[in-house]
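Worksheet for the structure shown next.
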Amino acid sequence: MVAVLLRLKVTLILNGFRRSVWQTIGFVLAALYALSVVVMVAAASVGLSFLPDDEARAWQVVCGSLVVLGWWLLPLLAYGLDATLDPRRFQQYAIPRRELLIGLALAGLAGVPGIATLLSGLATGLTWWDAPLALLGALVGAVLGVAVCAVGSRMLAAVVAPLLDWRRFREVAVVVVVVPIIMLAPLLGQVLDDVSGVDDWLPGVADVLAWTPLGAPWSIAGDIAGGSWLLALARIALTLATLALMLLVWGAALARTLERPPSRGPVAQAHGYGWFDRLPATGAGAIAARCLTYWQRDPRYAGSIAFVPFIPVPFIVFGGLEGNESLLWLGPIIAYIMGFAISADLAYDYTAFWLHVVSGVRGAADRAGRVIALLVVALPLVTLLAVGGVWAVGDWGTLPAVLGASLGVLLVSAGASSVLSATYLYPVQKPGEGLFAQPQGGTTAILIGQTLGIVVVAVLSAPTLVVFAVSLATGATWAAILTAVVGLVSGAVALVVGIRKGGAVIDRRGPDLLQRMAAWS
Amino acid sequence: MSTSDAPRPPSGPVPAPHVQPPTTDSPLDPAAALSLRNLSKSFGDKLAVGSVNLDIPSGSFYGIVGPNGAGKTTMLSMATGLLRPDLGRVSVHGVDVWREPDAAKRQLGVLPDGLRLFDRLTGAQLIAYAGELRGLDRETVRARTHDLLAALGLADAADTLVVDYSAGMTKKVALASALVHAPRVIVLDEPFESVDPVSAAGIRDLLTDFVASGGTVVVSSHVMDLVQRMCSHVAVIARGVLLASGTVEAVRAGESLEDRFVELVGGRQATEGLSWLRSS
């Protein structure tokens, strides 16, 4: 049965190639990238062999721990769970649980990240090329460590799975999980900066980690090299015990998932027509009302801007508050991000877009409605952050320039998004999939789309931003007013043109866009 | 057209079927509710619909039957402006769907199969949204939304998000969105799938009333019994090709529609081979 599951996974990967050339290209790129990582790890491991044994061990423990932590958390936070082998799909087959567990864990490793991790782990043995017993220990540690990675990530996924079924949870998960981590990053940078040298804290951290499941397997080789056989045995025992415990928890969680029907949590209610009462009953008005309802209720929208309030954090951490002129650029930066938030709006609708196609609603009304909804959300936020930046710097003379540049960029960005979302469609999370699902074959497309968007917005905002920079440099009133004028005028023009062009694309190719989305798996 | 002489399924008087079915060369029939000529579509090298010629008379209750994968959804999507045909033309009451989409779409109410809804809206919001997209004014939309919710038994669920609806309720709210602008022709793809018998009867009554008042209904289904009881006309389609069309009486030719269908599509599969499946 383990072999069957492994073969299934390989077949799924191979069939992915048949689906689209891009998937094959993405796979090849990922494989090349992974290969370069393995080579770098191997080279670094050889380099470590020239350090004293305990320092080499400390590096391996800390880096190994980070890799394990990544395996455990990244699928939940960033990449989404690999749904190709969702245990629930095996529900109706009578597969013994033990075989299902081992099969799923191994199948989770079959793929570029799993193989790269295993090869990198084995490559760490190169550090101990002159000590055969330690080398053996490194190989054992690598296998155990990779097992901890695979089993741990699957276990966490299974434990969290019932929560993910609960829609309301998914909607707050952004705030609860993602936001603190984003906040942590700049603070961590600060902490690392404060510590004068890596050598001071690395051994201490490594000693602690080596007694946790994260670091234990990576310490075995170093312990053997240092002659501490008992310690090495203790790490092996700790790792094996962790693996056994994780398998138990995973098995129990899986049993619960498989035996209980998914619960959707409490049924959501909303009284009356909400935004539909507040906006005019025209095509654009109705679409704006619908989009605003989605901004409120669909976690994908909230997720796309959840990090915006935290963008000032690194500015403040690294530059302080008073007299930190970089804060004046906050407005335009956030304006760009907000405007770009609707660059995948059509893809977010997914096949529900048929209602627009079948109604014969004008493409321009479709574009305008989405922009109106965005502006209702973005105008207060961008204005607030722009004024906040000026307030922090304390130079109120710059206010017209900052506001003008921010609003200008916002309008340009919204106009560019209006065209982009109709012309460059790429798979996104489907409605209701929440934040943890990974759209198939989407990562490369997202990167291309965002690069395209940045270039277009940068070119169209260039006049505004040049005048803005001049205004900040000179502090002249005429420059500040000119920034406001150029920003608002160029923004308004870009927005109108964007809505027209994007609308024309929708009018011409609406049914084709719908079928493109319907073809996404 | 008055109510009395409108076709009434299953046994009422039905207009005479086209004696000569339309061919690829015959012009679009402006008198027909839906007129399909040489309608074709392939996906890659797989032919989904091959040169379908069909006139759906105004005031008929038209069933489209065929096995799974026969091309029913593809054909109806092309007829309603959701899927661009490779070849061929479609008209709704004489208006070409792909050349004058706006005028054609105004006359069409569509319930597609397998496409999502804006399910983060409440039931009432979704119907109102469909109405406002169609350009109706606010008072009309609100009044009709209220009526539709009541008629389809969704009044209690008006304030519940559609994502929390059962499959049957979802079909019903989609049907309501297809009806809100009072179309002349309603095209429904598998409207009775996963709908409970009570709701199905309600939907059937609503559609029968609509036909009785002069409208045209096109439904696809693979439940022959339902089509035989409900529809005045039927078209049989398999492997993308139209095999028979006309009044239900004419197509079934004295047999039950199901037997006739199996015969047309290619005969019953032999099932003697599975001796090991017998339990005794």
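Because the structure is predicted, anything quoted here is derived from the model rather than measured. Sequence lines set the chain letters: A, B, ... in the order given, protein chains first and strands last, and positions in each chain run from 1.
One finds the CD atom of Gln515(A) at 7.5 Å from the CG atom of Leu115(B) (value rounded to the nearest 0.5 Å). Taking CG of Asp137(B) as the start and OG1 of Thr282(A) as the end, the distance is 12.0 Å to the nearest 0.5 Å. Note that CH2 of Trp354(A) and OG1 of Thr80(B) are 9.0 Å apart. Values are rounded to the nearest 0.5 Å.
Residue Leu108(B): no heavy atom, backbone or side chain, is found under 4.5 Å from chain A. For Asp507(A), no part sits under 4.5 Å from any heavy atom of chain B, backbone or side chain. For chain B, the nearby part of Thr293(A) is the side chain; its heavy atoms alone come within less than 4.5 Å. Heavy-atom distances place the backbone of Leu279(A), and not its side chain, under 4.5 Å from chain B.
Residue with the most contacts toward chain B among Asp366(A), Leu514(A), Ile287(A): Ile287(A) (heavy-atom pairs, distance under 4.5 Å). Interface check for chain A: of the options Gly131(B), Pro112(B), Gly135(B), the most heavy-atom pairs under 4.5 Å are formed by Pro112(B). Note on Val110(B), Thr145(B), Leu83(B): by heavy-atom pairs under 4.5 Å with chain A, the leading option is Leu83(B). When Val357(A), Val361(A), Val358(A) are compared by the number of non-hydrogen pairs under 4.5 Å with chain B, Val358(A) comes out ahead.
Closest approach of Tyr294(A) to Leu117(B), counting heavy atoms only: OH-O, 4.5 Å. Heavy-atom minimum distance, Arg84(B) versus Pro511(A): NH2-CD, 4.4 Å. The two residues Arg297(A) and Leu161(B) have their closest heavy-atom pair at NH1-CD2, 3.3 Å. Of all non-hydrogen atoms in Glu132(B) and Phe276(A), the two that sit nearest each other are OE1-CD2, 4.0 Å.
The 12-atom threshold is not exceeded at CZ of Arg239(B), counting heavy atoms of other residues, nucleotides or ligands nearer than 6.0 Å. Atom NZ of Lys41(B) is surrounded by more than 12 heavy atoms from other residues, nucleotides or ligands within 6.0 Å.
Interface residues of residues 173-183 of chain B toward chain A, defined by a heavy-atom distance below 4.5 Å: none.
Taking 4.5 Å as the limit, every side-chain heavy atom of Tyr273(A) sits out of range of all side-chain heavy atoms of Thr122(B). In this structure, the side chains of Asp349(A) and Arg116(B) stay at 4.5 Å or more apart for every pair of heavy atoms.
Of the candidates Arg134(B), Lys105(B), Arg106(B), Arg134(B) is the only one forming a side chain to side chain contact (heavy atoms under 4.5 Å, CB included) with Ser359(A).
Ring geometry for Phe118(B) versus His356(A): interplanar angle of 30 to 60°, hence tilted.
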